[in-house]
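The structure displayed is predicted, hence computed values, not measured ones. Below, all heavy atoms of this structure are taken into account, side chains as well, without hydrogens, waters or symmetry copies. Every chain is numbered from 1 and lettered A, B, ... according to where its sequence line falls, protein lines coming before strand lines.
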2 protein chains.
Amino acid sequence: MAQKLTLKQIAKDLNVSISTVSKALRDSYEISEETRSKIKDYAKSKNYKPNSIALSLKNQKTKKIGIVIPEIVHHFFATVISGAERVANENGYQVIITVSDESFDKEVVNMEMLANGSIDGFIMSLSKETMDKHDLHHLREVTNQGMPIVMFDRVTNDIACDKIIIDDVAAAHSATDFLMRKGRKNLGLITTVDYVSVGRLRTQGFKQALTERGYECENHQVLKIENADACENEIEKFVVGNNFDGILAVNELFAVTASKALQKHGRSIPDDIAIVAFTDGMLSKYASPTLTTIGQKGEEMGGIAAAKLIERLEKKESDSESYETVIVKTSLIERESTP
Amino acid sequence: MAQKLTLKQIAKDLNVSISTVSKALRDSYEISEETRSKIKDYAKSKNYKPNSIALSLKNQKTKKIGIVIPEIVHHFFATVISGAERVANENGYQVIITVSDESFDKEVVNMEMLANGSIDGFIMSLSKETMDKHDLHHLREVTNQGMPIVMFDRVTNDIACDKIIIDDVAAAHSATDFLMRKGRKNLGLITTVDYVSVGRLRTQGFKQALTERGYECENHQVLKIENADACENEIEKFVVGNNFDGILAVNELFAVTASKALQKHGRSIPDDIAIVAFTDGMLSKYASPTLTTIGQKGEEMGGIAAAKLIERLEKKESDSESYETVIVKTSLIERESTP
DNA sequence: TTGTAAGCGTTATCAG
DNA sequence: CTGATAACGCTTACAA
């Protein structure tokens, strides 16, 4: 069990000073060709790798990015991580993941742990509880220290930072429009409670599309789900008890649940009732019938978030205190659940 | 943008020495009640948090665990991360995630990066390519340095480390048995190529169960999928072209694909043909019909892996060079795809 | 009770 | 061309 090789050890083994070793390995012109290659050969043969912790301390940067998400066992967030990880790696960064479990307290604790020098910046999506309480002191503390944050999906305008979102209003609007163009007139929306920003915005887009076409959007056409784990009965009652010919759902889970409930009651999809869902994940592709979805481009959002963050980390600080909001285009992926 | 607070800064602000501050904050008996509370109050008011990088360097331990997995957008691996992250956090550790994308080279690079002091130990599942080439030098290098590895799911016996697996042979055996007890006589297996350890072992369990009951397992009863991204046609041909009344699939994706192909050809599930799949994920719960599965307990495996690793990290080194293999019990979750 | 100094592994500055 | 020294932030003998 060979001890980890350090500059000191190499210096001792080769009877030179530590700084000579350091310089030789970094190809300094100050070191003679001879010693340089002697040292480099030795280092290579022993597979020397500089200690990244020491470098972090010295350089005051860790080359690590903290990702804070509400959940990891969730297709959308997993794709975001995937995209962020890829771009981070391409730029010599690594990602540290923490999960808030939709809890404000866990979000605070996780961010405090990471902010103590472990990382250079954050990529995050707010927990439900944080959005509900709207307590953002932990985020302010981080930005006040000069540590940049890039938010995605569930964001807030009350923190100075870059944001990566999809245009939820427009996407919901165009999906609703799509259903109406297919001749559907009685539309139902299955969404989340309003404090979840994406749910609220999608609801807004849905309603806008309806009123623009002169439909009134009665309250009973919108179902707001508080707890996704126990939504089955609610959704069944909603879709079966109303005379819809089209459904828009803000995520796959709500959509599949609705689809199954409808089929159980003998309704045919898409003939009797069409379904469009947000989030293009596994369920949509493999449900029966397959679901028409609005792709959320998680991979892309994650990649952009990482790129933005790294860009900010690497440019001379102090300049450009202007933050940007990137809106990632969504696209409708038509499958069997719409005619 | 307040600069990050350090001991040095506190010492200067309060006109004491750095070590006095350090000791006071750690409640050393050496420091007088008065200075101690003065320092602690000040630190608290300014929200001082020790720099974790400096601590890592000093203590030669990072309190970080590296997780190396083949894929992250994959329900099973996501659950493993979730379990590992939870247990790690409970013990004051954080997790750094890297993804090999099933590539040997990426696995090597990722592990080398992390092994340079960034983490205290690894939790990992081998990439397909690594299993295929069976080149394990990067793993040996890590263990030779005295850095522990805990492997899960896709493991090898050629590295001295703890392992967390399910009993794939037994699970496949009992699932096959289950189908036979339901009166099914013509069974098909959809599995992966043999170098993926779990695929090989599950195939073995399947065959064992058949021969024990006196069936011969002809080759055409086993379909080995090389590339999961393009398996649709292969699976369709296999399940439709043979006269099966039962199918065992080594993952959900193969199972759902088979299910849809069969339904397309007018076969009824489970009446004409029953299906059992490994991995209890989203697809199984929401497919039509819902799938009977063998739960793989990813969350539990991740938790055990983290616990084992942390246990090894925190016990006096040198002792106990004996490694353990934990076999996590699986359970059959019966749903609509079996009678 | 407080402070000084060495050390963790690096790099950078400056002296020899 | 090579080496000693300080610094990054923290802990801990040891000195005062």
Rounding to a whole Å, what distance do you find between A:N51:CG and C:dC8:C1'? 9 Å
By nearest atom, which of the nucleotides D:dT12, D:dC10, D:dC8 is closest to the A:Q60 side chain? D:dC8
Nearest-nucleotide check on DNA chain C, B:E30 vs B:A54; residue mapping nearer the 5' end is B:E30
Aromatic contact, A:F104 with A:H138 (centres under 6.0 Å): yes
Quick one, B:K46 with B:Y42, criterion side chain to side chain contact (heavy atoms under 4.5 Å, CB included). Give me CA distance, side-chain angles, the key distance, then yes/no. CA-CA 6 Å; B:K46 294 269 195 169; B:Y42 187 77; 3.2 Å; yes
Between C:dT2 atom C1' and B:K23 atom NZ, what is the distance in whole Å? 7 Å
Gap between atoms NZ and C1', on B:K8 and D:dC8 respectively (whole Å): 8 Å
Base C:dT4 paired with B:S19 side chain (donor-acceptor, <3.5 Å): yes
Kindly indicate whether the side chain of B:N91, heavy atoms from C-beta on, has any atom under 4.5 Å from the side chain of B:N89. no
I need the CZ-C1' distance between A:R26 and C:dT10, as an integer number of Å. 9 Å
Take the protein atom OH of B:Y29 and the nucleotide atom P of D:dT11, then report the distance between them rounded to whole Å. 16 Å
Give the nucleotide from the list D:dT2, D:dC10, C:dG9 with an atom nearest to the side chain of A:L57. C:dG9
With nearest nucleotides of DNA chain D determined for B:S22 and A:S28 from heavy-atom distances, which residue corresponds to the more 5′ nucleotide? A:S28
Over how many whole Å does the gap from B:L7 atom CG to D:dC8 atom C1' extend? 13 Å
Under 3.5 Å, is there an N or O donor on one side and an acceptor on the other linking the side chain of A:S17 and the base of D:dA4? no
So what does A:L55 hit on the nucleic acid, given a heavy-atom distance under 4.0 Å: a base, only sugar-phosphate, or nothing? sugar-phosphate
Could you go through the side chain to side chain contact (heavy atoms under 4.5 Å, CB included) check for B:V155 and B:L126 one step at a time? CA-CA 6 Å; B:V155 306; B:L126 297 171; 5.7 Å; no
A:E107 vs A:T130, side-chain hydrogen bond (donor to acceptor under 3.5 Å, both in side chains): CA-CA, chis, key distance, verdict: CA-CA 8 Å; A:E107 184 175 293; A:T130 306; 3.0 Å; yes
Give one of base, sugar-phosphate or nothing for A:T35, where a contact means two heavy atoms less than 4.0 Å apart. sugar-phosphate
Quick one: A:K4 NZ to C:dT10 P, roughly how many Å, whole number? 9 Å
Specify the separation, in whole Å, of atom CD of A:Q9 and atom P of C:dG9. 10 Å
Can a donor-acceptor pair under 3.5 Å be found between the side-chain atoms of B:T6 and the base atoms of D:dG9? no
Determine: side-chain N/O of B:Y48 to OP1/OP2 of D:dG9, distance under 4.0 Å, yes or no. no
Mapping B:K58 and B:N15 to their closest nucleotides on DNA chain C, which lands nearer the 5' end? B:N15
